[in-house]
Protein chains: 2
Amino acid sequence: MAPLPAKPAMKDRILETADRLFYLQGIRAVGVDTIAAEIGISKRTLYNHFPSKDALISAYLARRFVQPRPSDKPAVEQILSTFDALERRFAAKDFRGCPFVNAVAELGGEDKSVRKIAIAFKESRRLWFRDLLIQLGAADAEGLATQLALLVDGSIAQDLVRNDPAMARAAKEAATVLLRHAGVKVGGGETAQ
Amino acid sequence: MAPLPAKPAMKDRILETADRLFYLQGIRAVGVDTIAAEIGISKRTLYNHFPSKDALISAYLARRFVQPRPSDKPAVEQILSTFDALERRFAAKDFRGCPFVNAVAELGGEDKSVRKIAIAFKESRRLWFRDLLIQLGAADAEGLATQLALLVDGSIAQDLVRNDPAMARAAKEAATVLLRHAGVKVGGGETAQ
DNA sequence: ATTTAGGTACACAGACCTGTGTAACAAGGC
DNA sequence: GCCTTGTTACACAGGTCTGTGTACCTAAAT
């Protein structure tokens, strides 16, 4: 009915495939040939949708930049369930660390736009923590939000290397201690054990 | 006097240069040509000392695998000064994250030996924390050591992206809280402020 | 029926990569 | 003098990479 329902399908397919391959194998390790071949299209078609590999990289990272959706759950539960979600993702065998950190590590200071989006992503996550902490009346919400972000990224880095989902649990336990220390009331023993 | 004082100089020069370039620009981003050219030697000479680029990569990571030297300082001070050292390294403009994490991120699951040495490195650091914590009689030295390692790697990842040495201070403050919570006596207010 | 948009096949340029082969050169030990 | 060891210069093989050029095809819109 609408004149363009199936039209953007190709661009999305390219992006989705690039995302998967970039993330799993590394950006430099995946050539545009590989992406096109994986979809079964010609390289020319790919370049008709994205002017360069750099544009594809930017689109890949932009696609990964998703905000956590607002929730009605209690703030403290939102914060702690972050680490449960991490543990679940660590257990999936296609988890390969934070795409933004990996991109910066791989592309170095060379690429300014990559770093820029990575910084924006990390800060947005920190602010998400901070706003919840403010709701909770936590002492030093700014500093504590940073510390929680450290625990998240630390567990991601450790899991990337060790492949051990327990890293998320360790982070959650540390987060619980830090929250309590900041005067936040945290529900019982679900953290221990 | 000794017959081979200047002999291994070349191999060391190659390794040192490879280390610097691999670390700063990424392993895949640096070709053997570039390394040889940087030293001013021929590519042939490089290949006379290392049979392949993979061997050079392994030597690079092995070179980065240094144990913290034993110290007479009090254990708690050793632990906390780790974060001061991190802050100093973050402030240097040639800091580009953890070479082991970066290598795993860049080379992916593809390379088993790289992951192996990265795991060994991370575990050796965790054990270093653990042994000090045992000396201190901390509760749950194993778990706490993991948590401290998370804070280290988290601050490294955050600094890699943001270039903000304050990440090390945030990690130190979190570490202080966790140590106190485990019953470790930590000296005064040098952490706050 | 014709135009137009998007896709295909395929070759190619130009760069860079790892790794090898070869012949010549320099310096110290014997 | 001779021989060994390390280095150099340089070409090259064979592969991969990004990106372009071109001519053809198909299907939908008009």
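Every chain is numbered from 1 and lettered A, B, ... according to where its sequence line falls, protein lines coming before strand lines. All heavy atoms count here, side chains included; hydrogens, waters and symmetry mates do not.
Scanning for ring pair (Phe, Tyr, Trp, His ring centres under 6.0 Å) contacts around B/Y60 gives B/F22, with sequence neighbours left out. With sequence neighbours excluded, no residue forms a salt bridge (Lys or Arg N to Asp or Glu O under 4.0 Å) with A/K116. Applying the salt bridge (Lys or Arg N to Asp or Glu O under 4.0 Å) test to A/D19 and every residue at least two apart in sequence or in another chain returns A/R63, A/R64. The salt bridge (Lys or Arg N to Asp or Glu O under 4.0 Å) check on A/D84 picks up A/K172, with sequence neighbours excluded. Looking at residues two or more places apart in sequence or on another chain, you find no salt bridge (Lys or Arg N to Asp or Glu O under 4.0 Å) involving B/R96. Listed by chain and residue number, nothing satisfies the ring pair (Phe, Tyr, Trp, His ring centres under 6.0 Å) test with B/F129 (two or more places apart in sequence, or in another chain).
Here the side chain of B/S42 is nearest to one of D/dT8, C/dG7, C/dC17, namely D/dT8.
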Going 5' to 3' along nucleotides 19-25 of chain C, which nucleotides have protein heavy atoms under 4.0 Å from the base (write B), which only from the sugar-phosphate (write S), and which from neither (write -)?
BBBB---
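For the pair A/K11 and A/F50, the distance from NZ or CZ to the six-membered ring centre is under 6.0 Å and the angle to the ring normal is within 45 degrees.
In this structure, A/L46 atom CG and D/dC17 atom P are separated by 14 Å, rounded to whole Å. To the nearest angstrom, P of C/dC16 lies 18 Å from CZ of B/R28. To the nearest angstrom, P of C/dC16 lies 16 Å from CD1 of B/I35. The CD1-C1' distance, from B/I57 to C/dC17, rounds to 13 Å in whole Å. Here the P atom of nucleotide D/dT16 and the CD1 atom of A/I27 are 21 Å apart, to the nearest Å. To the nearest angstrom, C1' of D/dT7 lies 7 Å from CE of B/M10. The nearest whole Å value for the distance from the CD1 atom in A/I39 to the P atom in C/dA9 is 14 Å. If you take CD1 of A/I14 and P of D/dG19, they are 14 Å apart, rounded to a whole angstrom.
Among residue pairs with one or both ends in residues 69-93 of chain B, those qualifying as ring pair (Phe, Tyr, Trp, His ring centres under 6.0 Å) are B/F90-B/F95; sequence neighbours excluded. Among pairs with a residue in residues 67-82 of chain A, none fulfils side chain to side chain donor-acceptor pair (under 3.5 Å), at least two apart in sequence or across chains.
For the side chain to side chain contact (heavy atoms under 4.5 Å, CB included) with A/Q158, the qualifying choice from B/T146, B/V152, B/I119, B/D153 is B/D153, the only one to do so.
In this model, the phosphate group of C/dG7 is approached by a side-chain N or O of A/H49 to a distance below 4.0 Å at OP1 or OP2. Distances shown here put a side-chain N or O of B/T45 below 4.0 Å from the OP1 or OP2 atom of D/dT8.
The distance from the NZ atom of B/K93 to the CG atom of B/N163 is 11.5 Å, given to the nearest 0.5 Å. Atoms CD1 and CD1, on A/I39 and A/I14 in that order, are 5.0 Å from each other to the nearest 0.5 Å.
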Dump the pairs, protein N or O against N or O of nucleotides 25-27 of chain D, anything under 3.5 Å, distances to one decimal.
none

N/O contacts under 3.5 Å, protein versus nucleotides 27-29 of chain C?
none

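Recorded end-axis angle for the helix from C/dA1-D/dT30 to C/dC30-D/dG1 stands at 0°, based on five pairs per end and rounded to 10 degrees.
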Working for side-chain contact (heavy atoms from CB on, under 4.5 Å), residues A/R180 and A/V177:
CA-CA 5 Å; A/R180 288 216 176 97; A/V177 172; 5.9 Å; no
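Of the possible polar contacts, none joining the B/Q147 side chain to the A/E173 backbone as a donor-acceptor pair under 3.5 Å is found.
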